[in-house]
Amino acid sequence: MVKIITRKKIDTQNVYDIGVESDHNFVIKNGLIASNCFNKSHSTAYGYVTYQTAYLKANYPLEYMAALLTANSSDTDKVQKYISTCMSMNIQIEPPDINRSGVDFTPSGENILFGFSAVRNVGHNAIACILSARAESGEFKSLADFCDRVDLRAVNRRTLESLISSGAFDKIEPNRNQLIHDLELVYDWAQSRARDRASGQGNLFDLLGGGFSTTTTTSKNSFDIAPKAKPVSDFPPQEKLRMEKELLGFYVSDHPLKSIRQSARVLAPINLSQLGEQKDEIVLCVVVMLNGVKKVVTKKGDPMAILQIEDLTAQSEAVVFPKIYERIHLLLQVDSRLIIWGKVDRRDDQAQLIVEDAEPVETVQMVMVELNPQQAATIEEQHRLRTILQEHSGDKEKAKVPVIGIVRDGDSRHLVRFGRQFWVQDSRTTVHALQNARFPAHVQPLTSV
């Protein structure tokens, strides 16, 4: 494609291409300039690469997605987007595993296994040491076995804490809190054994447990006598997920929004990865995790906030101006699950949300109204239903109860999301009115759809 511009505009339009450091606009004739020339060989090369990648994704989806995640492992936004793509392809991303993971993301059965290089605080020397010890003597049987076999100068205490907290030892011991407590004792024990081996000496425990023996039984006994902390309860699920997010950049073993994925899609069909495709000023709602809250004070001294939000597909930014902030600031707690209504806005070519309202996911209730196919297709029945909902919507700012239609046809069930203009203020009075009008209806929490 050739774009024709006048010479007058050439001063403000520099055009560059791969491997060319200066502009390369071309004078044609009569003072006209041709820029952005895209020849056939260039487009053919792009088309061929597109065909290759499409072929690989269609025929080798596991290998293709693993390679894609590895190639973009330093870009959090892209990795989160590709993990979402994996979920839509029914490919699960497994947490790192001390006995199975490699350096990068790797296919494992029908899933993709997290690589050690993507775990924070785990360096290249530590990874090489772990893989070498595993290749030499097989799988690690316990935390004591691991600490005794690797070089603790390369795999330091901080690295071990990160591996434990990210779930790498879950197949050996699922209680991560217990392993963290055990580590305090086991790490010193293993260091002492390493020093004794370096000096060619054994200690009393080695003599009793056979630390220098070559038999399997005595070697196992030596790890059995490794010190352990008193039994403790595991971390709560939310704390485990928080640590995964901190160390891996993502929720891997689970996601706080995964359990409500289907129900959230009913209310919020637009996800954050699609935010940039929406028109400016369009009002939409999204179901998100709140990752960060930055409080800001305007020139007038009024508080507002900039939010860091994410869903299963991407991360984004949302802005809460003073008037809205005054009403919802108590809800803005990090790690909370929220349904947010807002307008799409663009700043520096990045889409963001201007928040108009928010509610905790746990408190969102919906009015579910059942319709048979005849009712759903009859104008008179539609008008009756619309009239009832409009009578109970009242003040639009206070109407926060979504209405969902359930159309049953034989054994199938289709959910229909009613527009925001039909949302109501009080769920129970609305259900009562619908039932009196012979529309079967009930109240249902968002989290149980």
Side-chain angles (χ1 to χ4, degrees), residues 76-77 80 236-246 249-251 254-261 263-276 278 280-348 350-366 395-402 420 423 425 445-447:
T76 302
D77 289 340
Q80 187 166 15
Q238 289 297 326
E239 177 64 11
K240 294 172 78 168
L241 290 177
R242 184 196 65 77
M243 291 189 293
E244 281 184 15
K245 179 69 181 296
E246 179 182 340
F250 323 95
Y251 300 108
D254 200 357
H255 193 288
L257 296 179
K258 190 178 292 185
S259 62
I260 59 169
R261 184 182 183 188
S263 55
R265 189 175 294 171
V266 174
L267 289 185
I270 303 299
N271 56 51
L272 293 183
S273 67
Q274 300 168 321
L275 209 58
Q278 310 307 310
D280 291 354
E281 297 298 311
I282 187 173
V283 178
L284 48 82
C285 72
V286 291
V287 177
V288 300
M289 282 290 297
L290 185 55
N291 290 338
V293 180
K294 181 182 179 182
K295 188 175 178 181
V296 180
V297 178
T298 67
K299 293 180 180 179
K300 294 182 179 180
D302 299 323
M304 58 176 288
I306 299 175
L307 312 180
Q308 299 299 322
I309 58 177
E310 77 164 67
D311 62 9
L312 290 169
T313 66
Q315 300 182 17
S316 188
E317 189 174 87
V319 179
V320 187
F321 286 118
K323 183 179 178 181
I324 306 299
Y325 181 83
E326 182 180 0
R327 188 171 78 244
I328 70 169
H329 70 278
L330 294 177
L331 304 179
L332 304 180
Q333 305 295 324
V334 173
D335 292 333
S336 60
R337 300 186 297 178
L338 299 175
I339 177 169
I340 290 178
W341 294 269
K343 291 183 178 179
V344 177
D345 182 53
R346 282 174 174 79
R347 184 177 182 182
D348 299 329
Q350 294 293 323
Q352 62 180 8
L353 274 180
I354 305 300
V355 177
E356 294 188 341
D357 206 352
E359 284 287 327
V361 163
E362 291 74 16
T363 65
V364 175
Q365 292 189 324
M366 299 181 294
D395 187 344
K396 296 300 181 183
E397 289 190 359
K398 296 180 180 178
K400 297 182 179 180
V401 180
R420 182 78 191 273
W423 291 18
Q425 287 192 38
L446 173 64
T447 54

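FYI, the numbering just counts along the sequence from 1.
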Exercise. Is a side-chain N or O of Q278 found less than 3.5 angstrom from the main chain of L275, in a donor-acceptor match?
Worked result: no
Problem set entry | Test item: L332 and Y325 side chains (from C-beta on) under 4.5 Å apart, heavy atoms | yes
Exercise. Stepwise, does the side chain to side chain contact (heavy atoms under 4.5 Å, CB included) test hold for D345 with V319?
Worked result: CA-CA 10 Å; D345 182 53; V319 179; over 6 Å; no
Seminar exercise, completed: Tested for side chain to side chain contact (heavy atoms under 4.5 Å, CB included) against K245, the lone hit among E310, H255, K240 is E310
For this session: Taking the side chain as every heavy atom from C-beta outward, state whether K258 and Y251 have any pair of such atoms under 4.5 Å apart.
Result: no
Seminar exercise, completed: To the nearest 0.5 Å, atom CD of E356 lies from atom NZ of K323 at 10.5 Å
Exercise. Any side-chain heavy-atom pair from D335 and Q238 closer than 4.5 angstrom?
Worked result: no
Seminar exercise, completed: In short, E359 meets V364 closest at the heavy-atom pair CB-CG2, 4.1 Å
Exercise. When rounded to the nearest 0.5 angstrom, what is the spacing between CD1 in I309 and CG in L353?
Worked result: 5.0 Å
Exercise. Taking side chain as C-beta onward, heavy atoms only, is V361 less than 4.5 Å from V287?
Worked result: yes
Exercise. Does a side-chain heavy-atom distance below 4.5 Å link D357 with R327?
Worked result: yes
For this session: Write down the atom of C285, the atom of A268, and the distance for their closest heavy-atom approach.
Result: O-CB, 3.2 Å
For this session: Can you measure from CE (M304) to NZ (K295) and round to the nearest 0.5 angstrom?
Result: 12.0 Å
Exercise. If every non-hydrogen atom of V334 is compared with every non-hydrogen atom of G292, which pair is closest and at what distance?
Worked result: CG2-CA, 4.2 Å
Problem set entry | Min side-chain heavy-atom separation R337-E362 under 4.5 Å | yes
Exercise. When rounded to the nearest 0.5 angstrom, what is the spacing between NZ in K343 and CD in Q352?
Worked result: 14.0 Å
Problem set entry | Main-chain N/O of S273 paired to T313 side chain as donor or acceptor, under 3.5 Å | yes
Exercise. Sub-3.5 Å donor-acceptor pair from the side chain of D311 to the main-chain atoms of L272, do we have one?
Worked result: yes
Exercise. Can you tell me how far CG of L307 sits from CD1 of I340, rounded to the nearest 0.5 angstrom?
Worked result: 6.0 Å
Problem set entry | 4.5 Å side-chain heavy-atom contact, Q333 and L290 | no
Exercise. For the residue pair A351 and S316, what are the closest heavy atoms and their distance?
Worked result: O-OG, 3.6 Å
Problem set entry | Min side-chain heavy-atom separation E317-Q308 under 4.5 Å | yes
Exercise. What distance separates K400 NZ from W423 CH2, expressed to the nearest 0.5 Å?
Worked result: 11.0 Å
For this session: Start with the C-alpha distance between V355 and I328, add both sets of side-chain angles, then the distance that settles side chain to side chain contact (heavy atoms under 4.5 Å, CB included), and finish with yes or no.
Result: CA-CA 10 Å; V355 177; I328 70 169; 4.0 Å; yes
For this session: Please report the shortest heavy-atom distance between P256 and M289, naming the atom on each side.
Result: CB-SD, 3.4 Å
